[in-house]
Amino acid sequence: MIFQPPRLVPIGGMRTPEGLPQAEARLELGPAVRVRFAPSPTGYPHVGNIRTALFNWLFARHGRGVFILRIEDTDVARKVEGAVEAIMAGLKWLGLDWDEGPFLQSQRLDIYEKHARWLVDNNHAYYCWCSPQRLEAMREEQVRRKQPPGYDRHCRDLSDKEKAERAASGVRPVVRFKTPLEGQMVFTDLIRGEVAFDNSTLDDFVMLKSDGYPTYHLANVVDDHLMRISHVMRADEWLSSTPRHKLMYQAFGWELPQFAHLPMILGPDRSKLSKRHGATSITEYQEQGYIPEAMFNFLALLGWSLDDKTELMSREQIIESFTIERISKTAAIFNREKLDWMNGAYLRQMSSGEYAARVLPFMEKHLPASAARPLDAAYLAKVIPLVQERARTLAEVPSLTDFFFGGDLVYETALLTSRTMDAAKAVEALKSAAAVLGPPENWNETKLEELLRAEAVRLNFSNRDYFGVLRVAVTGRTASPPLVPVMVVLGREQCLERVKSALRKLGVTA
């Protein structure tokens, strides 16, 4: 896919920093709500990333606005191969379509450089030539003195002569923002209310690195303005960066967007969500058999709710109801058991045909090699109704149904016996079952159920014991979907062969 930079056009009456080309003014006027999802491709998209994308998408769709995808790929050293494609695939899987983009920040470096130079020329920023060695020594000294970390502003007030000498050295400087030394930076967060930071706690942060790449602070602010973002909805971890961003908006003379910092997602133990709480990549959840409808619903309820009782909601219901006012201030708890329950509920609502179509790739991939491929779609459609109520994820279906596909079953002979069913009784039960299963005219669900129950009574066996040994013989396991429907799907010949094989396991020639 070829990524194109955004089409930027001038807007009459909008203030643009003097000296910047008019082609870099903001986007044409359009919908009042313009939001963006701006992930960094330093890893595969995890639950927190995608929840942020979902909330932005829902807000845009609820307000009939615009959802923009922007890839913030300026951290070249940490970029992960394939991450951009994974991000886009994850969004598409959940049905989060974007209206503009995707835009790559790495294709817009000249824009950031011009904006950084404008800030320097207008005394809002300055060049810093401090070497990595000096900065490291400064940090060590701050640690030794138990001082808060931060740049000591060594290059902030250099004389013109000192600047010229450093420029002549050939060392490429970084650009730092000239943060006010006094006062407060106050802003309103749509979720948290009024937030205040003392400017004295903010250092002169780097905006443009020596390699020409912007930091998050510069690229984020410039692009949000040029793309006319109305609401910045992002993770709570960026709350402390907002005063820096407001200072930059003020320096440029730009209108500030509205901010909404989303609550964190914690594990059940209230620690930061991590791999130990289960899969965190949205791709992993897809591979584990979760379906997008359930994941969409589940993620929407991580920090947002309609009320204190509604859990299963359609995409349309969530879009219609979604507002920032319903987003919680407190951290959301990621409950894997709830996700499993919700996914199972969505699976049970599907038609057998749709279920079979969705599960087919998992069956093809995870069934034993002995299962003939390609799978027979008509046969699979008969199997699915027997397990649809039991599976929580699509990935569970192959292990629940593998005995339907393939010939010989592998199980311990001991499973054919129990505390109340010794080997002799098991042989007696299986021989009687073989006699009932033999005639083709007996082979329908109603007749089989009637005859097998009658055999249990005749032999003075409980239904539990009689059907239990037959279940193991036919499925290789002690628990399965209802036995008689399973036998009807398996068919007469296969069931008879498996009963005879069980008798051989018990030392009897069938």
Side-chain angles (χ1 to χ4, degrees), residues 37-58 69 71-73 75 78-98 102 235 237 262-304 311 315 331-347 350 355 357-367 387 390-402:
F37 175 51
S40 174
T42 53
Y44 288 89
H46 56 72
V47 166
N49 293 143
I50 298 298
R51 196 278 306 267
T52 297
L54 175 60
F55 278 25
N56 276 278
W57 185 88
L58 286 169
L69 176 59
I71 306 297
E72 300 194 339
D73 61 338
D75 192 346
R78 295 176 59 218
K79 184 177 179 180
V80 172
E81 190 70 28
V84 172
E85 292 77 12
I87 290 167
M88 295 171 63
L91 295 177
K92 289 179 180 178
W93 180 64
L94 282 175
L96 306 185
D97 55 324
W98 50 90
E237 63 189 85
L262 307 176
M264 291 182 64
I265 301 176
L266 303 178
D269 58 358
R270 303 197 69 81
S271 64
K272 187 175 180 180
L273 190 65
S274 65
K275 280 282 187 183
R276 65 191 176 88
H277 297 114
T280 54
S281 163
I282 200 69
T283 306
E284 290 180 64
Y285 287 105
Q286 185 178 0
E287 292 171 349
Q288 290 178 8
Y290 294 92
I291 61 174
E293 298 93 328
M295 184 60 72
F296 185 102
N297 191 162
F298 177 76
L299 291 177
L301 298 181
L302 285 180
W304 175 89
E311 294 190 310
R315 175 182 298 254
I333 304 299
F334 186 92
N335 186 334
R336 184 65 170 264
E337 292 181 358
K338 181 176 179 179
L339 174 58
D340 288 345
W341 165 81
M342 187 172 286
N343 202 70
Y346 273 89
L347 290 177
M350 285 184 184
Y355 196 117
R358 298 269 195 117
V359 81
L360 182 60
F362 293 89
M363 304 293 283
E364 295 277 9
K365 181 177 181 180
H366 297 297
L367 280 177
V387 297
R390 298 162 62 89
R392 298 169 301 174
T393 71
L394 294 174
E396 290 180 350
V397 178
S399 64
L400 291 173
T401 60
D402 55 6

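Note: hydrogens, waters and symmetry copies are ignored here, and every other heavy atom, side chains too, is used.
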Which heavy-atom pair separates [X] from [Y] by the least distance, and what is that distance?
X	Y	result
Ile50	Pro45	CD1-CB, 3.8 Å
Arg51	Leu262	NH2-CB, 3.8 Å
Pro398	Leu367	O-CD2, 3.8 Å
Glu81	Tyr44	O-OH, 3.4 Å
Thr42	Val80	O-CG2, 3.2 Å
Ile291	Asn343	N-OD1, 2.9 Å

Please verify the inter-ring angle class for Tyr290 with Tyr285; under 30° counts as parallel, over 60° as perpendicular, anything in between as tilted.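 The arrangement is perpendicular - the two ring planes meet at more than 60°.
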
Does Glu293 come within less than 4.0 Å of Arg358, counting only side-chain N to carboxylate O? yes

Flag side-chain contact, heavy atom, 4.5 Å: [X] against [Y]:
X	Y	answer
Thr393	Gln288	no
Ile71	Pro39	yes
Ile265	Val47	yes
Tyr346	Met342	yes
Leu94	Leu54	no
Leu339	Met295	yes

Have a look at Trp57 and tell me which of Phe296, Trp98, Phe37 forms a side chain to side chain contact (heavy atoms under 4.5 Å, CB included) with it. Phe296

What's the spacing between [X] [atom1] and [Y] [atom2] if we round to 0.5 Å?
X	Y	atom1	atom2	answer
Leu299	Phe334	CG	CZ	7.5 Å
Glu287	Lys365	CD	NZ	5.5 Å
Leu96	Leu69	CG	CG	10.5 Å
Leu273	Met264	CG	CE	9.0 Å
Thr283	Glu85	OG1	CD	11.5 Å

